[in-house]
Amino acid sequence: MPKHAVFLIGENEYKSERTMPPIAHELIQKRGMSVSVLTAKQGLKSLPGMGALDDADLLVAYLRFTQLPGEQLEKLRAYLDSCRPIVGLRTSTHAFRYPGDSEHVEWNNFGAEAFGTNWKFHYGGGSNSIVYPVPGAENDPLLKDVGLPLRVRSWLYYVHPLPDSCKPVLLGSSVGPSGREEREVNPVAWTKTDADRRVFYTSLGHPEEFELPSFRQLLFNGIDWALNGG
């Protein structure tokens with residue numbers, strides 16, 4: 001039976017509703033997978049079809065500041081508790097934003113739970129990033145056929161500190177205009193392995209990057225690793 005991936009798409013900044021479906025289509029065409037693509041509705045307050053997670057082998061998330069209802073969160077919680085693999089892109093470190101008095105406010109910590117860190121800040125939308133391997137990771141299978149170094153449009157996220165369960169494979173340096181005088185090198189792609197779960201995350205994901213073969217290759221490498229160990 002083919003592996004089943006479920007894409008959760010819900011953000012209003014990076015056009016993921018346009019960039020992610022072609023990735024799903026390629027998984028179907030080139031890897032023979034079954035894919036369900038769920039897109040947020042009602043101003044990022046609903047993701048119809050979350051029952052698809054019941055038999056999913058992989059969750060691929062591109063979410064930002066959503067406020068899903070309780071019954072949909074229960075489906076996601078069941079998936080997380082099952083320790084099945086996760087792949088996350090860019091804003092998924094801040095997938096949820098509930099007000100402080102919400103019964104679901106703990107979901108604001110989803111980034112730390114799923115990927116090891118919550119989003120802290122970035123170096124400004126006028127900046128770009130130079131991406132290169134972590135020293136010693138040049139031959140990591142996650143970087144196979146990924147042309148590096150790579151200049152990308154994504155402005156660098158500050159994600160320090162990562163827990164010991166995370167293993168960075170790519171670093172990024174912020175270049176170009178920024179409102180911050182001091183800029184620090186940050187991980188932009190890493191794996192996380194704990195509780196028998198395999199997680200791959202990258203803070204890249206600007207729509208221009210989906211046009212780069214190296215970025216798409218990185219994403220497929222991460223999906224392969226999460227599902228199969230490489």
Side-chain angles (χ1 to χ4, degrees), residues 2-28 31 33-98 102 104-119 154 157 189 191-192 197-207 209-210 215-216 218-220 222-227:
K3 295 290 182 69
H4 179 205
V6 175
F7 282 46
L8 302 186
I9 300 171
E11 56 82 32
N12 55 11
E13 187 173 4
Y14 293 105
K15 299 180 173 61
S16 57
E17 73 283 354
R18 175 175 58 82
T19 58
M20 291 298 286
I23 300 298
H25 182 73
E26 191 161 343
L27 291 179
I28 295 169
R31 284 166 170 75
M33 294 178 62
S34 168
V35 182
S36 301
V37 178
L38 311 184
T39 304
K41 310 292 183 184
Q42 300 175 14
L44 305 183
K45 292 187 176 181
S46 180
L47 258 172
M50 291 283 277
L53 288 172
D54 292 349
D55 66 356
D57 300 293
L58 174 70
L59 166 61
V60 181
Y62 201 145
L63 300 170
R64 178 181 184 269
F65 292 155
T66 61
Q67 293 184 8
L68 305 184
E71 62 270 18
Q72 294 180 3
L73 293 173
E74 288 175 5
K75 292 293 186 180
L76 182 55
R77 171 52 59 196
Y79 185 92
L80 295 175
D81 289 348
S82 73
C83 293
R84 284 170 282 174
I86 305 172
V87 169
L89 288 88
R90 197 146 177 82
T91 54
S92 295
T93 51
H94 40 296
F96 299 98
R97 184 167 64 180
Y98 290 96
S102 169
H104 305 309
V105 68
E106 71 276 2
W107 282 93
N108 293 355
N109 198 47
F110 172 80
E113 177 182 355
F115 308 117
T117 185
N118 291 324
W119 177 82
S154 286
Y157 280 1
T191 60
K192 179 173 177 282
R197 187 203 320 277
R198 302 175 73 88
V199 175
F200 173 77
Y201 169 82
T202 177
S203 62
L204 306 180
H206 187 281
E209 280 138 35
F210 285 86
F215 171 72
R216 295 197 304 274
L218 173 69
L219 188 52
F220 289 124
I223 288 171
D224 290 340
W225 178 88
L227 269 175

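The chain is numbered in sequence order, starting from 1.
Smallest separation of non-hydrogen atoms from Ala61 and Ser92: O-OG, 2.9 Å. Between Ile23 and Thr19, the closest heavy-atom pair is CG1-O, 3.8 Å. The shortest heavy-atom contact between Glu11 and Ser16 is OE2-OG, 2.7 Å. Looking at every heavy atom in both residues, Pro85 comes nearest to Asp57 through CG-O, 3.1 Å. Ala114 and Val199 get closest at one heavy-atom pair: O-CG1, 3.5 Å.
Residue pairs meeting the side-chain hydrogen bond (donor to acceptor under 3.5 Å, both in side chains) criterion with at least one partner in residues 78-88, sequence neighbours excluded, are Arg77-Asp81, Ser82-Arg84.
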Show me the donor-acceptor pairs, under 3.5 Å and distance only, between side chains in residues 33-52 and residues at least two apart or in other chains.
unit_1 : atom_1 : unit_2 : atom_2 : d
Ser36  : OG     : His4   : NE2    : 2.8
Ser46  : OG     : Gln72  : NE2    : 3.1

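You'll find the side chain of Ile86 reaches within 4.5 Å of the side chain of Phe115, heavy atoms only. Residues Asp224 and Arg31 meet the side-chain proximity criterion, which asks for heavy atoms closer than 4.5 Å. Counting heavy atoms from C-beta outward, Leu89 and Leu219 have side chains that approach closer than 4.5 Å. For the pair Leu27 and Phe220, the minimum side-chain heavy-atom distance is below 4.5 Å.
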Working note: Thr117 + Tyr201, criterion side-chain contact (heavy atoms from CB on, under 4.5 Å); need CA distance, chi angles, decisive distance, verdict. CA-CA 10 Å; Thr117 185; Tyr201 169 82; 5.9 Å; no
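Shown here are the ring pair (Phe, Tyr, Trp, His ring centres under 6.0 Å) partners of Phe7, two or more places apart in sequence or in another chain: there are none. The side-chain contact (heavy atoms from CB on, under 4.5 Å) test applied to Pro22 returns no partner, not counting sequence neighbours. Partners of Ser154 under the side chain to side chain donor-acceptor pair (under 3.5 Å) rule, at least two apart in sequence or in another chain, are Glu209. For Glu74, there are no side chain to side chain donor-acceptor pair (under 3.5 Å) partners two or more places apart in sequence or in a different chain. Residues forming a salt bridge (charged side-chain N to carboxylate O under 4.0 Å, His left out) with Arg90 (at least two apart in sequence, or on another chain): none. Evaluation of the side chain to side chain donor-acceptor pair (under 3.5 Å) rule for Thr66 yields no partner, not counting sequence neighbours. Take Ala112 and apply the side-chain contact (heavy atoms from CB on, under 4.5 Å) test, not counting sequence neighbours, and it matches Asn109, Asn118. Considering only residues two or more places apart in sequence or on other chains, Thr191 meets the side-chain contact (heavy atoms from CB on, under 4.5 Å) condition with Leu142, Lys167, Phe200, Trp225. Under the salt bridge (charged side-chain N to carboxylate O under 4.0 Å, His left out) criterion, Asp54 pairs with Lys75, not counting sequence neighbours. Residues satisfying the side chain to side chain donor-acceptor pair (under 3.5 Å) criterion with Glu17, sequence neighbours excluded, are absent altogether.
The backbone N or O of Tyr14 lies less than 3.5 Å from no partner atom in the side chain of Tyr62, so there is not a single donor-acceptor pair. Without hydrogens or angle criteria, Tyr98 side chain to Leu68 main chain gives a donor-acceptor distance under 3.5 Å.
The aromatic rings of Phe210 and Phe215 lie perpendicular to each other, with more than 60° between the two planes, well past the 30° mark.
Note that the CD atom of Glu13 and the CZ atom of Phe65 stand 8.5 Å from one another [nearest 0.5 Å].
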